[in-house]
Amino acid sequence: MKTLLLNPATDPEALPRAAELLRSGELVAFPTETVYGLGGCVFNAEAIARIFAVKGRPADNPLIVHIAAPEQAAQVAAELPPTYWLLAEHFFPGPLTVVLRRHPAVPPIVSGGLDTVALRMPRHPIALELIRLTGEPLAAPSANRSGRPSPTCAAHVLEDLDGAIAAVVDGGACEIGLESTVVNLLSSPPVILRPGAITAEQLARVLGEPVTYWQGEELAATPSPGMKYRHYAPNARVLLVFSWEELQHVLRTEPLTSSIVLAPEAAPFPLKLPLRPLRAETLYAEFRAADRAGIRSIVVVCTPEVQRNAALMDRLRKAAAARPEEQP
Ligand code: AMP
Ligand code: MG
């Protein structure tokens, strides 16, 4: 299959063409403000099965359903509790995914067999227009091969899926660059299953009750199945240090060849290794670039400012925890 690269900035037919492909059961990758999604029509179980197949995604890892208006949630969720409307009012469109009861019309495969459904309304104008033109919600996980860093531009999608999907809609680089916050509204109080750009404090303020991060020792018991799989990791070994002093110590004691340093600011001392910027928006692009360059180790300097960013720390810890035997 030839994968079409569609650009709405230069081609007025790009989105109508993408919507037509989706309606005929094909898969189309599209930009959102978080990362690129791999979309398929939510009520088309065959298309959904193909999403799992082309990504190499385990069948028990559920997908997020994307809607173009808060009311559209009624098509995929069995019930919309008051907490849903409150959060939708404040955070939709935006990088927030809510977990609710699945509507019987949604094929179970979308939710990896769970009786719940995760949904969100993205705020990227291309994503919203594509969902509207298609006329139904789109199930869309990140448009990467399973285990690879999520794609934050069209070239990343092609790197992983060229020839395997009908089209990619090019919307340039993603504004946020990390996946959405996932909050379970079926538990009381609500629990964050995956940290993202919308924080626990923001959610608590709107809901008027405490919101906590899900904390489990045993990853296999996670209520968010996707969290137990290897994620966000480059081929290189990722090593976290928490101060510039610790970096100096590591550089003195470890023989680091073909390595780079990722840090949010310039080093306060001369550095022999290349230094690359550490920012949420570009983390995955840096991981992919390091893989292409054959980098063996990435040392990440987690300054106090970085440590305060729950979403960024979550992805960095996951990348650092990837066990060597899982490295491709
Ligand atoms: P991705 O779209 O690739 O970022 O992955 C979707 C994420 O949302 C995974 O971490 C899933 O575990 C999580 N998720 C999707 N649906 C559900 C659900 N019904 N219950 C809990 N977590 C979910
Ligand atoms: Mg993903």
Side-chain angles (χ1 to χ4, degrees), residues 27 29-40 42 48 51-67 73 76-79 84 95-104 106-122 124 127 137-152 156-157 160-161 174 176-187 190-198 213-214 216 219-234 280 283-284 287-288 311 314-315 317-319 322:
L27 306 185
F30 61 93
T32 80
E33 74 280 21
T34 59
V35 302
Y36 273 68
L38 177 59
V42 70
I48 303 301
I51 292 181
F52 283 90
V54 302
K55 279 182 60 77
R57 184 173 176 106
D60 68 349
N61 189 356
L63 312 181
I64 292 174
V65 180
H66 292 65
I67 58 176
V76 292
E79 275 166 78
Y84 168 77
L96 179 70
T97 296
V98 296
V99 173
L100 295 166
R101 289 257 158 263
R102 179 166 51 84
H103 192 290
V106 173
I109 182 177
V110 170
S111 297
L114 299 173
D115 60 2
T116 55
V117 69
L119 67 91
R120 86 173 187 103
M121 178 180 172
H124 197 298
L138 298 177
S142 50
N144 53 302
R145 285 216 193 263
S146 215
R148 297 264 293 148
S150 296
T152 54
H156 296 167
V157 177
D160 283 11
L161 300 175
C174 297
I176 294 175
L178 296 180
E179 301 82 352
S180 58
T181 304
V182 179
V183 62
N184 183 6
L185 294 185
L186 297 171
S187 66
V191 172
I192 292 183
L193 304 178
R194 177 174 74 183
I198 307 280
Y213 289 104
W214 185 79
L219 267 185
T222 173
S224 180
M227 300 299 272
K228 70 174 184 255
Y229 293 107
R230 178 180 183 272
H231 259 94
Y232 322 119
L283 177 72
Y284 293 145
F287 280 176
R288 282 177 180 265
D314 172 71
R315 305 321 188 264
R317 287 193 193 283
K318 292 221 164 64

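Just follow the structure's listing: the first ligand is 1, and inside any ligand the first atom is 1.
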Item to complete: Using 2.8 Å as a strict upper limit, say whether an N, O or S atom of S142 approaches the Mg ion (ligand 2) that closely.
Response: yes

Fill in: Which segment of I64 sits under 4.0 Å of ligand 1 when only heavy atoms are counted
side chain

Worksheet item: Which is it for S142 and ligand 1 at heavy atoms under 4.0 Å: side chain, backbone, both or neither?
Response: both

Item to complete: Tell me which part of N61 gets within contact of ligand 1: side chain, backbone, both or neither, using heavy atoms under 4.0 Å.
Response: side chain

Response to the item:
In ligand 1, the atoms that come under 4.0 Å of a heavy atom of R57 are 1 (P), 3 (O), 5 (O), 6 (C)

Worksheet item: Can R102 be said to touch ligand 1, with heavy atoms closer than 4.0 Å?
Response: no

Fill in: CD1-OG distance between I64 and S142, expressed to the nearest 0.5 angstrom
8.5 Å

Worksheet item: With a cut-off of 4.0 Å, which atoms of ligand 1 are near a heavy atom of T116?
Response: 18 (C), 19 (N), 20 (N)

Worksheet item: Which bit of V35 gets closer than 4.0 Å to ligand 1, counting heavy atoms only: side chain, backbone, both or neither?
Response: neither

Discussion item. With heavy-atom distances below 4.0 Å as the criterion, list the atoms of ligand 1 near V99.
Written reply: 20 (N), 21 (C)

Practice prompt. Please list, chain by chain and in numerical order, all residues satisfying ring pair (Phe, Tyr, Trp, His ring centres under 6.0 Å) with F52, sequence neighbours excluded.
Written response: none

Worksheet item: Can you name the residues that form a salt bridge (Lys or Arg N to Asp or Glu O under 4.0 Å) with R120, not counting sequence neighbours?
Response: E33

Worksheet item: In Å and rounded to the nearest 0.5 Å, what is the CH2 to CG distance from W214 to N184?
Response: 12.0 Å

Worksheet item: Is it true that the side chains of T97 and S180 contain a donor and an acceptor less than 3.5 Å apart?
Response: yes

